[in-house]
Protein chains: 4
Amino acid sequence: MSDLSPRRTRRAGGARRALVLDHVVAVLADRGYAGTRFIDVAEASGVAVSTLQGYFGSREDMLIEAFRHATSVAVVAMDELAAQVDDPWQQLVAMVDRGLSTDVATWRMLMEFWTAAAHDAELREHAAALAEQYREPFIDGVRRGIESGAFTPRFDTAAIVEAVVANIVGLLYPVVLGHLAPQDTDYRDVVLAQLAFALTSQER
Amino acid sequence: MSDLSPRRTRRAGGARRALVLDHVVAVLADRGYAGTRFIDVAEASGVAVSTLQGYFGSREDMLIEAFRHATSVAVVAMDELAAQVDDPWQQLVAMVDRGLSTDVATWRMLMEFWTAAAHDAELREHAAALAEQYREPFIDGVRRGIESGAFTPRFDTAAIVEAVVANIVGLLYPVVLGHLAPQDTDYRDVVLAQLAFALTSQER
Amino acid sequence: MSDLSPRRTRRAGGARRALVLDHVVAVLADRGYAGTRFIDVAEASGVAVSTLQGYFGSREDMLIEAFRHATSVAVVAMDELAAQVDDPWQQLVAMVDRGLSTDVATWRMLMEFWTAAAHDAELREHAAALAEQYREPFIDGVRRGIESGAFTPRFDTAAIVEAVVANIVGLLYPVVLGHLAPQDTDYRDVVLAQLAFALTSQER
Amino acid sequence: MSDLSPRRTRRAGGARRALVLDHVVAVLADRGYAGTRFIDVAEASGVAVSTLQGYFGSREDMLIEAFRHATSVAVVAMDELAAQVDDPWQQLVAMVDRGLSTDVATWRMLMEFWTAAAHDAELREHAAALAEQYREPFIDGVRRGIESGAFTPRFDTAAIVEAVVANIVGLLYPVVLGHLAPQDTDYRDVVLAQLAFALTSQER
DNA sequence: AATGAATGAGCGTTCATTCAT
DNA sequence: AATGAATGAACGCTCATTCAT
């Protein structure tokens, strides 16, 4: 399993520093990676620019840490969700529902993160870890269903999971750009039925 | 059908201007929306910075026009593909194959475009038009299949199309960030089988 | 007497060129010396920028020639006025009236001219010639009055003329800046009475 | 009485900022309004360009504040002069002498200020306030002389004051352009005698 | 002669960063 | 630790000028 935690522990700031990170994430979602300046975070958080630099070092370091912070929170939440449900199919349903109900702010943050990662090797590593962690509980759910005999999949587990994750992440731009309402019952029905189809051989 | 053409025709530049646009798109995919400076395009195209400004007006106008140019090309290509195939199912298969084989450069360009659109109202309008045009031939294919009796869909046409488009666009980040090979036979099988399932009622 | 004519005859343009000069003067009064760009004159006159450069050479040369043109016109008009009136006092009155009724556009043009001259040696020479020519008919009027016995001045002719010219030019900023109406009967009365006082010894 | 003070107090800079303002005024007089660039002031004052922008905001704000600074100083000096002399006539004489002995640098600064004001509404407001304040002690002196019976004016107070102010300001261009020595005893005699004439009815 | 196209020089401005307190 | 002040680097943009037609 990859590491999502910061590589070195920073002392500066302490509690105040953690509070600032949430502001950084909010500004990031609003103004974008390249558009997030020190002064924006300073105004949003009430902390002086030079203090921010004392906390994080450079602008890029601040943004990278904000991404680590925000994505870690999101992944941990998904993991906890998976741990709460025992039945494999119900677990998958819960995770799909969770994914489909991702709020716009989170999508925006992820969009900025991934777009920034496309231009930055260090962020790209982090994105790879995030992708793996995000798919992990899905793969786990499918495998547990297979082992228990509940699923008799028609395809590779990896391909099935990739498809359902694509069904979730594919909502990002429609939702962020306002083309699609965040929650659509019909869409959920299609995704879940297709997933059930993929997991269940016809000869059953 | 929405309008993807530039609002006003610019004369400056002529043929040379069109050549430059391709360079702008390339730089855009490489450096990102915010990271694309006049000097980058100048170096890539061999045209002086001030000449670029003579062509496009401002940096933003240049980037917006590049996006219009590139996305129009992509949409027209998809439309032509749809027009070439007569059988509805074969048309859908062809379009899915086309979508799944989208090259990294195009995905990067679209990623930059959509991310920029999230912060710019004018680009957002264009993105909405693009989204509509991209889905149009899919919806058309499904409808034609229903009318001919080939499809007896289990769900709303819109939801089915949204799901298959999500299966395509959901590849963007895995492909751009290098997590996934652009072409994966298993993934294609899942997507097409799920689409066929959604379009075919069991009682047939 | 100094020379106000252009130093070298330019061929380019001919009649069209002369027409353009009036546009240059108008733009000059409106936008100021430093603010007058080729494109402004081009838009005002309907002549292409590069054509203007063909006419005048550089931007500065164009402006300098416009100043020469406009000031020559003003001085010639004052000279003609002086030649029309025979009686020395009536001549002075006519010239004062003429000066006090200078229109805002002319004042603006002169303001730009003199301000530019403060930063340019060549224009300063021209301004010196203009100053001399402007005072010449005043000095001539006073001298003719003295010779005829009509005036018995209390002060040097030069000082008297300087004072009355100051009374005229002193209106420039109030008029241009809108603090004072261009024509004020009371003010005229003061200027003329003070002039008459200066020209007439009490023992007469 | 109009307000000549800056509209909002800026903190940045403090003492250093005030020192820079004098340099701005000097450069302004030397190079003109349009010709005064940040780099000129930076070189004259030894302060970095970006620091100047930190102090003043924009180039225009810097120049406007320099004008306010310089003109306020000039007006305050004239007011103090007026307050020192008790006898109305002696006060007027002192003010005329002060006006006629205005140094070239001040005239140049005022010339630039007024010329700039002709193209800028905000500066024009300030110029109106300045004009009013400049004439105020003159009007006050005349009125006090009338009340005490020392003056029995032949004309409106406003017209008389306008004429004497014109006699002062009318020196601007001759002095700035070097046509006239700044101090000329004969000219002073004319101005003062004409003023005395205007203020004293013949029947006395 | 007249013009559009192309371009380089120069300027205002933004912003991350360094430094002193 | 926290901050304001100061600054250099970099970029978009304007505009006069040169060149080819």
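All chains are named by letter (A, B, ...) in the order of the sequence lines, taking the proteins before the strands, and each is independently numbered beginning at 1.
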Hydrogens and angles aside, do D/Glu112 and C/His119 bring a side-chain donor and acceptor to less than 3.5 Å of each other? yes

Measure from [atom1] on [X] to [atom2] on [N] and round the result to the nearest Å.
{"X": "D/Leu19", "N": "F/dA5", "atom1": "CG", "atom2": "P", "answer": "16 Å"}
{"X": "C/Asp61", "N": "F/dA16", "atom1": "CG", "atom2": "C1'", "answer": "13 Å"}
{"X": "A/Leu52", "N": "F/dA1", "atom1": "CG", "atom2": "P", "answer": "15 Å"}
{"X": "B/Arg17", "N": "E/dT7", "atom1": "CZ", "atom2": "P", "answer": "15 Å"}
{"X": "C/Phe56", "N": "F/dA16", "atom1": "CZ", "atom2": "P", "answer": "14 Å"}
{"X": "B/Tyr55", "N": "E/dG4", "atom1": "OH", "atom2": "P", "answer": "16 Å"}
{"X": "A/Arg16", "N": "F/dA1", "atom1": "CZ", "atom2": "C1'", "answer": "9 Å"}

Here the pair of heavy atoms bringing C/Asp40 nearest to C/Arg31 is OD2-NE, 3.0 Å

- [ ] Taking C/Arg59 for its side chain and C/Thr36 for its backbone only, find out whether a donor-acceptor pair lies under 3.5 Å.
- [x] yes

Assert: residue with more 5' nearest nucleotide on DNA chain F, out of A/Thr51 and D/Val47, is A/Thr51

Look up atom [atom1] in [X] and atom [atom2] in [Y], then write down how far apart they are to the nearest 0.5 Å.
{"X": "C/Asp30", "Y": "C/Arg108", "atom1": "CG", "atom2": "CZ", "result": "6.0 Å"}
{"X": "D/Asp61", "Y": "D/Gln53", "atom1": "CG", "atom2": "CD", "result": "10.5 Å"}
{"X": "D/Leu177", "Y": "C/Trp114", "atom1": "CG", "atom2": "CH2", "result": "8.5 Å"}
{"X": "C/Thr115", "Y": "C/Asp120", "atom1": "OG1", "atom2": "CG", "result": "12.5 Å"}

- Answer whether the closest heavy-atom distance between the side chains of D/Val47 and D/Leu19 falls below 4.5 Å. no

Whether each nucleotide of nucleotides 12-21 of chain E has a protein heavy atom under 4.0 Å at its base (B), only at its sugar-phosphate (S) or at neither (-) is summarised, 5' to 3', as SBBSSBB---

Sorted by chain and residue number, the side-chain contact (heavy atoms from CB on, under 4.5 Å) partners of A/Leu21 (sequence neighbours excluded) come out as A/Phe56, A/Glu65, A/Ala66, A/His69

Output row for DNA chain E, stems defined as at least 3 consecutive Watson-Crick or G-U pairs under 3.5 Å, is E:2-21 with F:2-21

